[in-house]
Amino acid sequence: MPELPEVETTLRGIEPYLVNRKIKRLIVRNGSLRWPVPEQLPALMAGQRILALERRAKYLLLKLASGTAILHLGMSGNLRIVEPQTPVGKHDHVDLLVQGGKLLRFNDPRRFGCLLWHSGPGQHSLLVGLGPEPLSASFDGELLYQRSRGRKAPVKTFIMDNKVVVGVGNIYANEALFGAGVRPARAAGQISLDRYRRLADEIKDVLTRAIAQGGTTLKDFVGGDGKPGYFKQQLQVYGRAGLACPVCQRSLTEVRLGQRSTVFCKSCQR
DNA sequence: CGCTGACCCTGACGGC
DNA sequence: TGCCGTCAGGGTCAGC
């Protein structure tokens, strides 16, 4: 469900209710996520003030004085701000009750998400070795070009590799490759600098536009404020296999690359 | 080191 | 109505 724009949308939605408030209580109903939620986490977090909320890749970071809570939404997770008396539903695994009466509720049917803790110097091991943020100045076509030399994996797999650049998930990888006119299955190492410049620009553009629309709601994504994202209407290829290419009208083709559904136009993408 | 596929889990959907 | 296979926006890890 959440790619970078959806995580960013979530962050912006919940931030005003959390930053500079004290945590009253952390309630873990089901700590059996991607990795177990640390047993001592409720004790570690209770009573502390939330200093800041940040995003790194698709991780949300809750900064406290004594450490950082690291949250990932996986494929199906979402975070909502609700009233404390809101009835607990299926897959509502974690609640964070804050000063001022609001409640941050984590729901995740598939439980591919995680909630971890890091304190002390340096970064949590999950964050070490991540590539640059796609919307930062340190990400550009030159970086993609240099990192791809000699690599035979499909360019789509390459741009979805978090060690190369973070935050490019399946939807937006498909969209950016279409926008750049690059065929997803082409070997990453055989693509020119010019084309990588265009691809990097497209990645930035599609992510920026998706954030402006509040993300993409395919089934049930909602931001922290409970509203869906409206970017779905602007998707050019993702989820449109067999339908007409928006540019040339030819039928869009679907293949699988790295176990991910991949949709492209055989005439517009080379 | 790079690449591929299995795997974690629930739910929705289509075919029979 | 139910059963079965397939697929889904994420990422890690083992094995070659």
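Letters A, B, ... mirror the listed sequences (proteins, then strands); counts begin at 1.
Between A:H118 and A:H124, the ring-plane angle classifies as perpendicular under the 30° and 60° cut-offs.
The same atom, P, is picked in B:dG11 and in C:dG11; the two are 22 Å apart, to the nearest Å. Nucleotides C:dC7 and B:dG5 have their P atoms positioned 14 Å apart, rounded to a whole Å. For the P atoms, the distance from B:dA6 to C:dT6 is 13 Å, rounded to whole Å. To the nearest whole angstrom, the two P atoms, one in B:dC9 and one in C:dC13, are 15 Å apart.
Checking B:dC7, C:dT12, B:dG11 against the side-chain heavy atoms of A:Y59 singles out C:dT12 as nearest. Taking only side-chain atoms of A:R151, from C-beta outward, the nucleotide of C:dG11, B:dC3, B:dC8 with the closest atom is B:dC3. Across C:dG10, C:dA8, B:dG11, the shortest atom-to-atom separation from the side chain of A:R34 is found for C:dG10. Closest to the A:K152 side chain, of the nucleotides B:dG11, B:dA6, B:dC3, is B:dC3. Of the listed nucleotides (C:dG9, C:dA8, B:dG11), C:dA8 has the atom at the smallest distance from the side chain of A:E254.
Rounded to whole Å, atom C1' of B:dC1 lies 17 Å from atom CZ of A:R149. Between the P atom of C:dT12 and the CG atom of A:L33 lies a distance of 15 Å, rounded to the nearest Å. Atom CG in A:L4 sits about 11 Å away from atom P in C:dG10, given to the nearest Å. In this entry the distance linking CG of A:L257 with P of C:dG9 reads 13 Å, nearest Å. Atom CZ in A:R256 sits roughly 15 Å away from atom P in B:dT4 (whole-Å rounding). Look at NZ on A:K232: it is 13 Å from P on C:dG9, rounded to the nearest Å. Counting to the nearest Å, the P atom of C:dT12 and the CD1 atom of A:I70 are 12 Å from each other. Whole-Å rounding puts the A:D108 CG to C:dG10 C1' distance at 10 Å.
When the shell of 6.0 Å around CZ of A:R25 is examined, it contains 12 or fewer heavy atoms from other residues, nucleotides or ligands. Remark: A:E39 CD is loosely packed, at most 12 non-hydrogen atoms of other residues, nucleotides or ligands lying under 6.0 Å away. Other residues, nucleotides and ligands contribute over 12 non-hydrogen atoms within 6.0 Å of the CD atom of A:E142.
For C:dG9, there is no paired nucleotide, since no Watson-Crick or G-U wobble pair has both relevant distances below 3.5 Å. Nucleotide B:dC9 is matched to nothing when pairs are restricted to Watson-Crick or G-U wobble geometry with both distances under 3.5 angstrom.
Using a 4.0 Å cut-off between charged side-chain N and carboxylate O, A:D201 and A:K204 make no salt bridge.
Nearest-nucleotide positions on DNA chain B place A:A153 closer to the 5' end than the other of A:A153 and A:Q259.
Within 4.0 Å of A:R111, counting heavy atoms only, lie sugar-phosphate atoms of the nucleic acid but no base atom. Within 4.0 Å (heavy atoms only), A:K90 reaches sugar-phosphate atoms of the nucleic acid but no base atom. In this structure, A:N162 reaches the sugar-phosphate backbone alone: every heavy-atom distance under 4.0 Å involves primed, P, OP1 or OP2 atoms, never a base. Within 4.0 Å (heavy atoms only), A:Y238 reaches sugar-phosphate atoms of the nucleic acid but no base atom.
Between B:dC3 and A:T157, no contact under 4.0 Å exists linking OP1 or OP2 to a side-chain N or O. Note on A:H91: every side-chain N or O is 4.0 Å or more away from OP1 and OP2 of B:dC9.
For C:dG10, the base has a donor-acceptor partner in the side chain of A:R260 [N/O atoms by modelled type, under 3.5 angstrom]. Remark: the A:R110 side chain and the B:dC9 base include a donor-acceptor N/O pair separated by less than 3.5 Å.
The side-chain hydrogen bond (donor to acceptor under 3.5 Å, both in side chains) contacts involving residues 126-141 of chain A comprise A:R55-A:E133, A:R56-A:E133, A:S136-A:S138, where partners must be two or more places apart or lie in separate chains.
The main-chain N or O of A:G179 is found under 3.5 Å from a side-chain atom of A:R198 such that the two form a donor-acceptor pair.
In this structure, A:F112 packs face-to-face on the six-membered ring of B:dC8, meeting both the 5.5 Å centre cutoff and the 30° plane limit.
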